[in-house]
Amino acid sequence: AQAVLEPAPAFTPATATRVFTLTMADLAAFLLVPRLAARLAREAPGVELRVRPAPDDTVGALASGELDLAIGVYGDAPAGARTHRLWDEAFACVIRRARGARPLDLDAYLARAHVVVAPRGRPGSAIDELLARRGQARRIAITVPHFLVAPAIVASTELVWTAPMSLARAFAATYPLAIHPPPLPVAGFTLSTRWHARFDRDPGLAWLRGVIAELAP
């Protein structure tokens, strides 16, 4: 109670020496951490950033201070958790770039084999559920747990990857990839920051949350 009621010490980025521990999937890390690293180097050179895998109980880790912030897709609202929207993601279909390639309609989409990213290693996705409701299915050739390996696979095969649009655009600049709109109405998702109410008054965390919100795609 005393820790909650006492005012938190002031946070001055230019002179602060502090470690912030975050968890996020490689999708968010790829888009955010390079920008965040550059910002810290300019404004808070004494701040250390540690990005780690998600624990089994993220909210518990945030409440205990084991984690400072989590970034992910959250559809729940556990007691004590605070959530702030960062950005909305749409989907795109990614295939290897080729001359004279036809538009990727639904028949062409289903005729190709697919690479799927399953961060938790579980089969099935919203896309497969949508296809199942239409009495259709796609053939999955490769499932991987990380977003960052998928574009390299697509660039060297005839597989199709239904990817977050921001990643598709980023990797199309360096890999021979073509981006097509999905041939069926696939709902997107929202990336958010999450922290615990115990640390609402922490000026260092408030500063970090603000910086991340500014840097979000």
Side-chain angles (χ1 to χ4, degrees), residues 22-37 51-56 58 70-75 85-192 215-217:
L22 289 73
T23 185
M24 64 186 85
D26 59 336
L27 159 66
F30 178 80
L31 296 170
L32 283 175
V33 173
R35 302 176 188 183
L36 185 54
V51 181
R52 51 160 288 187
D56 292 335
T58 298
I71 297 174
V73 180
Y74 303 115
R85 173 192 163 278
L86 289 176
W87 77 92
D88 298 321
E89 273 289 356
F91 279 102
C93 292
V94 182
I95 58 175
R96 184 168 63 176
R97 190 185 305 139
R99 289 187 178 181
R102 296 180 304 167
L104 196 66
D105 59 18
L106 185 57
D107 289 339
Y109 181 79
L110 295 177
R112 287 177 178 255
H114 294 247
V115 56
V116 173
V117 178
R120 299 182 182 275
R122 299 170 185 166
S125 69
I127 297 166
D128 296 296
E129 293 172 4
L130 178 58
L131 286 169
R133 290 196 295 270
R134 299 163 62 105
Q136 296 169 309
R138 58 179 177 165
R139 185 174 76 83
I140 297 172
I142 299 177
T143 301
V144 293
H146 305 297
F147 286 97
L148 302 189
V149 69
I153 294 172
V154 173
S156 58
T157 66
E158 295 303 315
L159 300 179
V160 58
W161 174 34
T162 307
M165 177 63 82
S166 56
L167 281 188
R169 289 172 173 163
F171 284 116
T174 54
Y175 285 97
L177 301 174
I179 300 174
H180 296 268
L184 65 169
V186 184
F189 57 95
T190 298
L191 274 294
S192 302
L215 297 177

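Treat the numbers as computed from the prediction; the structure is a model and nothing was measured.
Not counting sequence neighbours, the partners of T143 by the side chain to side chain contact (heavy atoms under 4.5 Å, CB included) test are V116, A118, I140. With sequence neighbours left out, the salt bridge (charged side-chain N to carboxylate O under 4.0 Å, His left out) criterion links R85 to D88. By the side chain to side chain donor-acceptor pair (under 3.5 Å) test, R35 is found to be paired with no residue, residues two or more places apart in sequence or in another chain being considered. Residues satisfying the side chain to side chain contact (heavy atoms under 4.5 Å, CB included) test with A126, not counting sequence neighbours, are none. For the side chain to side chain contact (heavy atoms under 4.5 Å, CB included) test, no residue two or more places apart in sequence or in another chain qualifies with P181. In this view, I142 and V115, V144, I153, L159 satisfy the side chain to side chain contact (heavy atoms under 4.5 Å, CB included) rule, not counting sequence neighbours. Listed by chain and residue number, nothing satisfies the salt bridge (charged side-chain N to carboxylate O under 4.0 Å, His left out) test with D105 (two or more places apart in sequence, or in another chain). Listed by chain and residue number, Q136 satisfy the side chain to side chain donor-acceptor pair (under 3.5 Å) test with R134 (two or more places apart in sequence, or in another chain).
Listed by first then second residue, pairs satisfying side-chain hydrogen bond (donor to acceptor under 3.5 Å, both in side chains) with a partner in residues 158-168 read E89-S166, R96-E158, Y109-T162, not counting sequence neighbours. Residue pairs that meet the salt bridge (Lys or Arg N to Asp or Glu O under 4.0 Å) test with at least one member in residues 164-185, sequence neighbours left out, do not exist here. Residue pairs meeting the salt bridge (Lys or Arg N to Asp or Glu O under 4.0 Å) criterion with at least one member in residues 170-181, sequence neighbours excluded, do not occur. Applying the ring-ring contact (aromatic ring centres under 6.0 Å, His included) test to pairs two or more places apart or on separate chains, none has a residue in residues 115-137.
The two atoms that bring V117 and A150 nearest to each other are CG2-CB, 3.9 Å, heavy atoms only. Between A137 and L110, the shortest heavy-atom contact is O-CD2, 3.7 Å. Shown here for W87 and L32, the closest heavy-atom pair between the two residues is CZ3-CD1, 3.9 Å. Of all non-hydrogen atoms in A187 and F91, the two that sit nearest each other are O-CE1, 3.3 Å. Shown here for C93 and V160, the closest heavy-atom pair between the two residues is CB-CG2, 4.2 Å.
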(request) Go through the steps for M24 and L191 under the test side chain to side chain contact (heavy atoms under 4.5 Å, CB included), then give the verdict. (result) CA-CA 10 Å; M24 64 186 85; L191 274 294; over 6 Å; no
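When side chains are defined from C-beta on, L177 does not count as touching I179, because their heavy atoms never get closer than 4.5 Å.
Interatomic distance, OH of Y74 versus OG1 of T58, reported as 6.0 Å (0.5 Å rounding). To the nearest 0.5 Å, the span separating CG on L22 from CG on L36 amounts to 7.5 Å. T190 contributes atom OG1, which lies 9.5 Å from atom CG of L86 (distance to the nearest 0.5 angstrom). Rounded to the nearest 0.5 Å, atoms CG (L167) and CG (L27) are 4.5 Å apart. With values rounded to the nearest 0.5 angstrom, L131 atom CG is found 7.0 Å from R138 atom CZ. A distance of 11.0 Å separates CG in D128 from CZ in R133, rounded to the nearest 0.5 Å.
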